[in-house]
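Down below is the structure, laid out as structure tokens.
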Amino acid sequence: MQRSGNNKMVAMNDDAPILSLAGIGKHYGGITALSGVDFDVREGEVVALAGDNGAGKSTLVKIISGIVSSDEGRILFNGQEVSLRKPQDAAELGIQTVYQDLALCDNLDTVQNLFLGREMHSGLLRGAKLSRPLMESRAHAALSSLNVKIRDYSVSVGRLSGGQRQSVAIARAVLSKPRVILLDEPTAALGVAQRAEVMALIARLREQGLGVILVSHDLGDVLDIADRIVVLRLGRKAAERPVAEWTRSSLVAAITGTDH
Amino acid sequence: MNTTRQQVSVTTAPAKISFRQNLLEALSTKWRVVPVLLSLALIWAIFASQSPVFLSARNLTNLADQIATTSIVALGLVLVLVVAEIDLSVAGLAAVCAGIVGVLVVNMDVSLSIALIIAITVGGLYGLLQGSMIVYSGAPAFIVTLGFSLMLQGVLLILLPAESGLVPLAGTDLQFLAAYRLPTTLSYALPAAVGLIGLAMRLNDHRQRVAYGLPSNLMRSMAIGVAIIFASLAVVAIFNAYRGVPLTVAVLAGLIAILSYATTQTPFGIWLYAIGGNREAARRAGIPVNWMKMAAFSILGMLTALGGVVAAARVLGVSPASADQSLLLEAIAAAVIGGTSLFGGRGSVWAAILGALVIGSIANGMFLINASTQLRLLVQGGVLVAAVIADALIARSGSSSSR
Ligand SMILES: Nc1ncnc2c1ncn2[C@@H]1O[C@H](COP(=O)(O)OP(=O)(O)O)[C@@H](O)[C@H]1O
Ligand SMILES: [Mg+2]
């Protein structure tokens, strides 16, 4: 496995990871949640993170999004060592995380959700008057670029379908122009058609050159969309291969540890 | 349904939405005031048919006077309810703040304006203190504010000891203010001016929408704006047909305009609703959740102080009996009947006013037709129960897709 082991910029090399984790470990008291995990994401690539319950997926996601800090190992962004101590650190670098349930306010509409906390103003009453037209046009542009179709932007998102809601949550993350986007179980609890919607959206993110990290229980999803699959087991990286080299049964074997 | 992997287009199969779903959606958002307006129209029709004076300019002026305090407090309560908190101490605070004004003006000869500023500041600081205790401890607002309500009654007794408790306000500037009516010209000019500003904002909005290539319906937007202006001028004309627009009503109208703008057109307002809708999402979006909640409590405190003074000016006195809990019940009932959700995240400034009108009209009309107190309480309570059940049903259907 090749990796850019130096600290210098390996600028604009197509193969250089945007985000690279090396030897990551995390311990909770006596419990080892992660140990010696290496993990890379490149531009325009979907990396899936698979593993059984307790394998360490959530811990790794939290480390990348700055919610918890690792005890061991190094994190490189664009080839430079960084520390991710709080969510803002990750956001400033361009790492956005979309959590399953916690992203949207059901009582607000699409535009209000997309711009929550970074509302836009215009005209003389700067700062004291929202510019709904400006936000709506930006929202439309962002959603169109992701091929997301929502008929009425002023309907509260609680009324949208699960797929549309997930799309709005992802679009919200994309609006801040991240380079890496983490999706935590984006298709959980979605029906067939809605799952297809979200999968298409993930493909769009890849086309737009984002590095996508996908955490999913759904092996079908993972095999459908990922370019590379990383399997965690009991806090360690059990396997990592391009998707073409995985089958459903080999994936199951790697996840459960019956592949030896 | 076949989904091929090559087809990478997110076409949402339009979910089959039933008529009932559509109706609930409309009722829970933009049409939320429609059922309230209909109930109000029904109540007015019933009383008008039973009493020839119910719709007289004089009685409608009385009605406005009667609901002024409830409305002012309900305006603030809406903000607190929207962030999914509650304040049960408003009746006590209103009385204490009125007591402060009474003691300062009558016993200490302080000018009314200074006394008012002090009382409103006390109300605001009180809200901030109470709010900070709630948000930082995580204790339920409902119990904390109940405790504060008891303490305020104690404070009121300290301020106005039982033996010499009544502070008469007759002959003070407060009596003058309570009786003050706007000059006729001003009474039309003010709403017209505010209305024109509103129209200008709608027009500007339309221009921007067109510039950004968004759909916009100028005629509709203007028609609504003009209708609102004419409606307010008609209301002013009713007041002027009797003795003119009371100062209290003018102040209330100003508060409605300011709060309606703040809650719908500023980030502050959107953030309040966001917190009530999904606290965690709001926090992650960088919204200072605790500060916003404290601000809501504080604004409620200031409005409650003002409401207390208005109530005292109306009866020309404050006493330990002023901490009448019916203010609390009526203000909460007004907010809820108007469509404010106790679950947080839903409710508007208009809800508070319409709700106050509904319960105020019932009380006023029942009195006019000589209905018994028993009947009045039964009807008012019934309306409140119906409103809160309707709210729960709407809330349950509110996010059918997510829950
Ligand atoms: N906050 C915590 N405190 C103690 N142990 C934890 C904590 N978070 C995770 N763990 C432990 O770390 C291991 C990995 O958990 P997690 O990352 O949640 O796995 P996954 O998301 O793959 O199911 C588990 O054994 C879990 O019990
Ligand atoms: Mg997990």
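Chain letters run A, B, ... following the sequence lines, proteins first and then strands; every chain starts at 1.
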Which portion of B:Thr264 sits near chain A, non-hydrogen atoms under 4.5 angstrom
backbone
For chain B, find which of A:Glu119, A:Arg172, A:Arg195 contributes the most heavy-atom pairs closer than 4.5 angstrom.
A:Glu119
Identify the two heavy atoms, one from B:Leu214 and one from A:Pro133, that lie closest to each other, and give their separation to 0.1 Å.
CD1-O, 3.3 Å
Decide yes or no for B:Gln208 and A:Arg132: does some side-chain heavy atom of the first lie under 4.5 Å from some side-chain heavy atom of the second?
no
Taking all atoms of both residues into account, what is the closest heavy-atom pair of B:Ile270 and A:Leu130, and its distance?
CG1-CD1, 3.5 Å
Against chain B, label A:Leu108 side chain, backbone, both or neither, depending on which of its atoms sit under 4.5 Å from a heavy atom there.
side chain
Over 12 non-hydrogen atoms of neighbours within 6.0 angstrom of NE2 in A:His217
yes
Can you find a heavy atom in the side chain of B:Asn278 that is under 4.5 Å from one in the side chain of A:Leu104?
no
If you compare all heavy atoms of B:Ala281 against all heavy atoms of A:Cys105, which two are closest, and at what distance to 0.1 Å?
CB-SG, 4.1 Å
How about CH2 on B:Trp350, more than 12 heavy atoms from neighbouring residues, nucleotides or ligands closer than 6.0 Å, or not?
no
Counting only heavy atoms from other residues, nucleotides and ligands, does the tally under 6.0 Å from CZ of A:Arg85 exceed 12?
no
d(A:Ile67 CD1, B:Arg284 CZ) to nearest 0.5 Å is 5.0 Å
Is the side chain of A:Asn107 donor-acceptor paired with the backbone N or O of B:Tyr273 at a distance under 3.5 Å, no angle test?
yes
Tell me whether A:Arg138 forms a cation-pi arrangement with B:Tyr212, defined as NZ or CZ under 6.0 Å from the six-membered ring centre and within 45 degrees of its axis.
no
Evaluate the side-chain proximity of B:Arg209 to A:Ser137: yes if any heavy-atom separation is below 4.5 Å, no if none is.
no
A:Arg241 atom CZ: more than 12 heavy-atom contacts under 6.0 Å
yes
